[in-house]
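Scroll down for the structure; my scribbles are underneath it.
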Amino acid sequence: MQKVNIVCVGKIKEEFFRAAAAEYLKRLSRFAKVEVKELPEGKSLKEEAPNVLKQLKGFVIALCIEGTKLASEGLAQEVKKHCDKGEEITFVIGSSCGLDESVKKAAHLKLSFSDMTFPHQLMRVILLEQVYRAFMINGGAEYHK
């Protein structure tokens, strides 16, 4: 089964975000073993970086505003490419201040979901939904419209 890691700096505090994330994790469980690692926020990005870097495995995708923008189909192609190779995929979501440059440099792909800034708790839900959508697209399911 495909392994997908979601490395997040900070915890989800709001119950409605936790419930939404849990729903997408449940849906994803039929396609992949998804592990979410919540790391503590530091006083600076430099302080957070070593903990994040220790968690990076396989093909690493860092979410950052200056990254490449992909449509859902593009993300699905990226996921499929690494699934076909049997590679683990790790997505990284930074704290409310973003990601340290060392983490961005360690990533194989920097991915931007928008020019807008989103709260990192909401970004986890958005990412999980898009990863679920990618697996649905790759499976030929009707979910993606």
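Source: prediction; values computed, not measured. All residue numbers refer to positions in the sequence shown, counting from 1.
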Same cluster or not: [X] versus [Y], using hydrophobic residues (I, L, V, M, F, W, Y) connected whenever any side-chain heavy atoms lie under 4.5 Å apart?
X: Phe17; Y: Leu63; result: yes
X: Phe91; Y: Leu25; result: yes
X: Val9; Y: Val36; result: no
X: Phe113; Y: Leu99; result: no
X: Met1; Y: Val34; result: no

Under a 3.5 Å distance rule, please check whether [X] uses its side chain to pair with a backbone N or O of [Y] as donor and acceptor.
X: Arg18; Y: Ile12; answer: yes
X: Asp100; Y: Ala49; answer: no
X: His108; Y: Val60; answer: yes
X: Glu35; Y: Asn5; answer: no
X: Gln2; Y: Glu87; answer: yes
X: Ser112; Y: Thr68; answer: no

Quiz item: Can you tell me if NZ on Lys69 sees more than 12 non-hydrogen neighbours from other groups inside 6.0 Å?
Solution: yes
Quiz item: Which atom names give the shortest non-hydrogen contact between Met116 and Ile65, and what distance separates them?
Solution: O-CD1, 3.8 Å
Separation of [Y] [atom2] from [X] [atom1] (nearest 0.5 Å):
X: Ile93; Y: His120; atom1: CD1; atom2: NE2; answer: 9.0 Å
X: Glu88; Y: His82; atom1: CD; atom2: NE2; answer: 13.0 Å
X: Gln77; Y: Glu73; atom1: CD; atom2: CD; answer: 8.0 Å
X: Glu41; Y: Ser96; atom1: CD; atom2: OG; answer: 5.0 Å
X: Asn138; Y: Asp84; atom1: CG; atom2: CG; answer: 8.0 Å
X: Leu28; Y: Lys26; atom1: CG; atom2: NZ; answer: 12.0 Å

Quiz item: After noting the C-alpha distance and the side-chain angles of Lys104 and Glu66, does the key distance pass the salt bridge (charged side-chain N to carboxylate O under 4.0 Å, His left out) rule?
Solution: CA-CA 10 Å; Lys104 293 177 189 180; Glu66 72 273 18; 2.7 Å; yes
Minimum side-chain heavy-atom gap [X]-[Y] below 4.5 Å:
X: Leu111; Y: Leu75; value: yes
X: Met136; Y: Phe31; value: yes
X: Ile126; Y: Leu128; value: no
X: Ser95; Y: Leu45; value: yes
X: Val92; Y: Ile61; value: no

One thing to verify: whether [Y] and [X] come together as a salt bridge, which I'm taking to mean a side-chain N less than 4.0 angstrom from a carboxylate O.
X: Glu78; Y: Lys80; answer: no
X: Arg124; Y: Glu129; answer: no
X: Lys105; Y: Glu101; answer: no

Self-check item: Step-by-step side-chain hydrogen bond (donor to acceptor under 3.5 Å, both in side chains) determination, Ser72 to Gln130
Solution: CA-CA 7 Å; Ser72 296; Gln130 285 296 301; 2.7 Å; yes
Quiz item: For Gln55 and Thr90, does a side-chain donor sit closer than 3.5 Å to a side-chain acceptor?
Solution: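 Looking only at side-chain atoms, Thr90 and Gln55 do not form any donor-acceptor pair under 3.5 Å.
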Practice problem: Hey, can you tell me if Tyr24 and Tyr132 have their rings parallel, tilted or perpendicular (30° and 60° cut-offs)? | Solution: tilted
